[in-house]
Amino acid sequence: METINRLKENVEIILPQDGLEQKLEQAKNENRSLVIKLGFDPTAPDLHLGHAVVLKKMKQFQDFGHQIVILVGSFTATIGDPTGKNKSRKPLSIEEVQHNAETYISQLSKVIDVSKAKIVFNSEWLDKLSSSELIQLLSKVTVAQLMHRNDFNKRFTENTPISMHELLYPILQGFDSVKLNCDVEMGGTDQLFNCTMGRQLQETFNLSPQIVMCMPLLKGLDGKEKMSKSLNNIIGLTDEPTEMFGKTMSIPDNLILEYLDLATDFSPEEKQVVKERLSTGENPMDIKKAIAKNIISQYHSKEDADKAERFFQNQFQNKKFDEKAFTPVAIESLEAQNTALALINLCQKLKADMTKSALKRLIEGGGVQVNNDKVMDSFLDIELVAGTKIRIGKRDFYELL
RNA sequence: GGGGAGAUUCCAGAGUGGCCAAAUGGGACGGACUGUAACUCCGUUAGCGUAAGCUUUCGAAGGUUCGAAUCCUUCUCUCCCCA
């Protein structure tokens, strides 16, 4: 059936394999929609294309009329979260959680229809859980099971610390599924263990176990690690169009297919065309441009995508220095005492976030250009006249006015 | 509760009294080459000083010493083994 195929597209793991078909059938017979859960840790409040992979799948469910539930792990975040980390994350305050959750929700609207989604906070029930209830819950799970989870196992064998509370996290996440009576839990493949825990717990509560659907983890800009804020390899959903374009262009070629499948919203037919272009030897750069434009169209607009492409071509592919786009800087704002300023001091005014030592290294390493000339003398006096153009590093261009 | 090992710069990991702002590798950043790709090569990788040099940094706080990442004391944290 068409629906099934669409829903299964790109999904890496479905447990059990034919579970989705059964659930859909069951829902149809009962004349109801499925409850699809996706959990979020309100930690770093920036969503990126990696999150979007799962969110898009949620959107599909939504488009097919199912009820999606965004679960904010407000409780778990306040006790610290081990997901995908070798180190435990530090607990967040309630205020931070609240703030991050709000940021999340506004970003979620870039992919899903938030007005039709149900947004719940797990502190709603976990706060009220008594010690005896908690311990009863814990009795359903064995230590050996928990130690099967990859990162626990790894940390345990490597003798890196695992705090007790981290072990509870998957169990609490599973309990969320019990409370919400989920039909499906979505997540990245790194969530497989936690999602499976939900199945197990639902069974002990005599509920129909949820289907687990894991989406592949999108790799980050480095082409090695999964996309993650802390690895500084993300394309954020709120990134500026020009930034999205540049970042997309910088992904390694071997990621092109992955991005095509997971990050674009091309139809299967369109994807096939792109793949053929690639295999017939077309310059991968052009394929990346198409992908970049598609991504920007999703999160900004078609116009922004075109603009970003033009900007990229002019700013980085065009070798002519004078034709770049320069950020205007008023000479008065430099607060110079004289009509000239040593290059290093000028650079520091323009890039306040860099230390003087770092700038000095950059200049002496040939990373600064003044009016189309590479200047490697930090103390060369630069006349402060309108029209002076300065390039600092690869992508910062300024013009004095 | 007892015994042992350990905490080093972004990360990993050398360094056991001056030659240490601290080897090496990774990452990152710059340069050359390119398609802001990859590969390769080169350089840089605490702050301030146009320099001499100064300041902060080797888990934390004290101490010994002309001089400490290195020695001593206390503390915090981690790992291992035993009970």
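Below, chains carry the letters A, B, ... as their sequence lines are ordered, and counting in each starts from 1.
Remark: P of B/A37 and CZ of A/F245 are 14 Å apart, rounded to the nearest angstrom. Atom NZ of A/K360 and atom C1' of B/A51 are 9 Å apart (whole Å).
Across every strand in view, B/G27 sits in a pair with B/U45 that passes the Watson-Crick or G-U test at under 3.5 angstrom. If you check B/G6 for Watson-Crick or wobble pairing at under 3.5 angstrom, you find it paired to B/C77.
Side chain of A/S297 to main chain of A/K293: a donor-acceptor pair is present (N/O by atom type, distance under 3.5 Å, no hydrogens or angles). A donor-acceptor contact shorter than 3.5 Å links the side chain of A/T103 to the backbone of A/H99.
Spacing between B/A21 and B/U55 at atom P, rounded to whole Å, works out to 12 Å. Annotation: B/A52 and B/A5 have their C1' atoms spaced 45 Å apart (nearest Å). For the P atom pair drawn from B/G3 and B/U64, the interatomic distance equals 29 Å after rounding to whole Å.
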Give the B/S/- string for nucleotides 23-31 of chain B, one per nucleotide from 5' to 3', where a protein heavy atom under 4.0 Å of the base yields B, of only the sugar-phosphate yields S, and otherwise -.
-------SS
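When heavy atoms are screened at a 4.0 angstrom cut-off, A/P252 is found touching the sugar-phosphate backbone but no base atom.
Comparing B/A51, B/G47, B/U36 against the side chain of A/M285 picks out B/U36 as the nearest.
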Walk me through whether A/K289 and A/T248 qualify under side-chain hydrogen bond (donor to acceptor under 3.5 Å, both in side chains).
CA-CA 8 Å; A/K289 280 184 180 172; A/T248 306; over 6 Å; no
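If you run side chain to side chain donor-acceptor pair (under 3.5 Å) between A/S208 and each of A/R199, A/Q202, A/K23, only A/K23 comes through.
Between the side chains of A/N194 and A/R149, at least one donor-acceptor pair of N or O atoms lies under 3.5 Å.
Nearest-nucleotide positions on RNA chain B place A/Q317 closer to the 5' end than the other of A/Q317 and A/N345.
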